[in-house]
Amino acid sequence: MITKVKPLFGGFIRKVLIILSIPLLVINFSSRFVVSADPGTSPTWVSFGNFGSGNGQFDHPRGIAVDSSLNIYVADTGNNRIQKFASDGTYVTSFGTSGSGNGQFNSPSDVELDYEGNIYVADTGNNRIQKFDKNGNYLLTFGPDSVVGPLNSPRGIALSAGLYVADTGNNRLIVFQDNGDVYLLIPGPFLFPFGVVLNFGIPFVADTANQRIVNSDVTWVWGRGGSGNGEFNSPQGIAAQAGNIYVADTLNNRIQEFDGSSNFIQAWGSKGAGKEQFDEPSGVAVDQYENIYVADTWNNRIQIIMRNSSASIPASNVTVSNHPAPTPDTVSVSGLAAGDVVKVYDAAADGNLLGSSTVGAGETSATVSILQLGTGSGTVYVSVTNLGKAESSRTAKTYGSEPVVQSTAPSASDVTVSNHTAPTPDTVSVSGLAAGDMVKVYDAAADGNLLGSSTVGAGETSATVSILQLGTGSGTVYVSVTNLGKAESLVRPKLTALSLLWLYSLLCLYSRLLQLRL
């Protein structure tokens with residue numbers, strides 16, 4: 001029944017330490033990746049999600065995993081799917097539907113990843129484990145097996161030199177090879193084991209109904225029923241990082257952390273739906289920065305306990321460029337590292353997010369483009385989020401007013417004034433313009449009255465201003481143009497012609513005078 005198996009799953013295991021395990025040798029590579037949390041700092045709590053079936057919503061999520069790029073994978077149990085999120089909680093993609101076919105789920109309870117990005121799902125209601133590639137395409141099913149029989153409501157999975165499965169309903173631990181064959185059967189004694197994790201190559205099991213944590217051969221046991229430090233009430237999820245073990249103490253509504261010798265270190269959470277509270281958390285994962293990710297099951301959300309915060313940005317590293325419309329304004333930040341996220345707000349706290357940008361590979365700066373900050377001076381507030389750390393405090397940066405760029409006044413030759421006999425309105429037409437330009441007509445070179453205005457339409461190069469009446473005599477109008485993103489031009493004077501009626505009257509008077517002289 002037991003066959004020698006090569007370590008087929010090694011590499012960075014997302015809820016497990018980076019390990020290579022063989023029966024007599026454990027090699028720990030975790031120190032290359034782990035950044036220890038500062039015990040003197042208070043953690044920052046971040047949460048996302050609510051109840052529902054839309055993207056980014058949950059129906060009692062139970063399992064959670066995180067990869068080396070800090071992407072988050074959630075077993076969305078009631079919605080029978082796996083959802084993937086970016087490190088800031090932004091929805092990325094999902095796969096799975098309700099059913100029993102390949103790629104379908106019935107109450108998936110846990111999710112895990114191997115170093116190639118393949119995704120393993122504890123398909124609890126279908127009594128199996130399914131394997132998918134990094135894009136969510138079905139690859140393989142684990143269980144049932146002709147030797148050990150079918151799985152019964154498997155709840156927890158872990159990866160190292162094999163696929164470890166907490167076969168909950170059968171009260172046992174099973175280890176599968178990469179091809180789906182059974183490598184090892186560990187009968188317990190367990191009572192409804194929900195979670196399993198590898199810590200320095202040693203399997204540890206959340207022995208849920210026995211209210212304890214045990215290693216696979218039950219030679220290392222700690223915990224008992226209760227609510228004190230190191231006591232449990234239905235422990236379900238379990239994770240490990242840097243030698244420490246983290247337990248989702250589900251009915252005590254908290255996460256407990258222990259060192260590698262099972263000594264209690266600290267706990268987070270209490271009963272409730274507010275910040276820093278849980279309602280029966282079922283799943284827990286820990287990244288290489290020792291941040292803790294929790295499937296807050298009955299609150300239908302994911303909570304992240306960020307152990308360290310990013311350093312704020314020096315104001316000298318921030319440059320704000322306030323451009324006239326339609327050119328977007330920009331906020332540039334230097335002195336960064338690849339993967340850092342810059343966010344720009346309109347207030348020192350709360351307020352609105354004006355924009356964000358991520359530093360690209362090999363880059364040390366980022367620029368946030370903002371439609372318009374406004375024509376006047378003001379202040380923006382800039383934060384940075386380093387990989388594996390909480391968002392920094394905001395740095396205030398003042399900026400000046402937009403530079404004044406004056407539009408070019410129209411040429412007098414481009415202006416045509418038509419002085420009509422009442423009641424036909426008089427018109428002032430201007431050519432040589434661009435769409436969006438605004439023409440204004442005044443009765444004086446400065447101050448005075450605005451007689452009318454018109455905006456050049458899309459695809460047009462001229463505009464006509466209609467004026468009720470300029471008067472029967474000749475005169476002068478003063479015309480300006482305002483280009484998009486520029487200040488109004490100086491006015492250009494244009495003489496107006498006599499109205500036809502007034503001209504006709506003058507001709508008649510002149511003719512009458514000639515007749516009298518004769």
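Position 1 is the first residue of the sequence, and the numbers go up from there. Side chains included, hydrogens not; waters and symmetry mates left out as well; all remaining heavy atoms used. As the structure is a prediction and not an experimental result, all values here were calculated from the model.
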Answer yes if the side chains of [X] and [Y] hold a donor-acceptor pair under 3.5 Å, and no otherwise.
{"X": "Asn71", "Y": "Ser69", "answer": "no"}
{"X": "Glu290", "Y": "Gln241", "answer": "no"}
{"X": "Asn386", "Y": "Asp340", "answer": "yes"}
{"X": "Thr367", "Y": "Ser332", "answer": "yes"}
{"X": "Asp114", "Y": "Tyr120", "answer": "yes"}

Does the [X] side chain pair with the main chain of [Y], one donor and one acceptor, at a distance under 3.5 Å?
{"X": "Gln83", "Y": "Val92", "result": "no"}
{"X": "Asp76", "Y": "Ile82", "result": "no"}
{"X": "Asn126", "Y": "Gly99", "result": "yes"}

With heavy-atom distances below 4.5 Å as the criterion, would you say the side chains of [X] and [Y] are in contact?
{"X": "Lys84", "Y": "Phe95", "result": "no"}
{"X": "Ile64", "Y": "Val294", "result": "no"}
{"X": "Asp279", "Y": "Asp296", "result": "yes"}
{"X": "Thr461", "Y": "Ser431", "result": "no"}
{"X": "Asp437", "Y": "Val430", "result": "no"}
{"X": "Leu433", "Y": "Ser462", "result": "no"}

Item to complete: Taking the six-membered ring for Trp and the single ring otherwise, decide whether the centroids of Phe132 and Tyr73 are under 6.0 Å apart.
Response: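 Between Phe132 and Tyr73, the centre distance exceeds or equals 6.0 Å.
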Can you establish whether the number of heavy atoms outside [X] located under 6.0 Å from its atom [atom1] is more than 12?
{"X": "Trp298", "atom1": "CH2", "answer": "no"}
{"X": "Leu139", "atom1": "CG", "answer": "yes"}
{"X": "Lys134", "atom1": "NZ", "answer": "no"}
{"X": "Asp350", "atom1": "CG", "answer": "no"}

Item to complete: Find the distance between OG (Ser42) and CD1 (Ile305) and round it off to the nearest 0.5 Å.
Response: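 Rounded to the nearest 0.5 Å, the OG-CD1 separation comes to 12.5 Å.
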Discussion item. Nearest 0.5 angstrom please: Ser480 OG to Leu490 CG, how far?
Written reply: 9.0 Å
Worksheet entry | Geometric class of the His60/Phe51 ring pair [parallel <30°, tilted 30-60°, perpendicular >60°] |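 Perpendicular: the ring planes of Phe51 and His60 meet at over 60°.
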Fill in: Taking every non-hydrogen atom, the tightest pair across Gly269 and Arg254
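Distance-wise, the nearest heavy atoms are O-CB, 4.0 Å.
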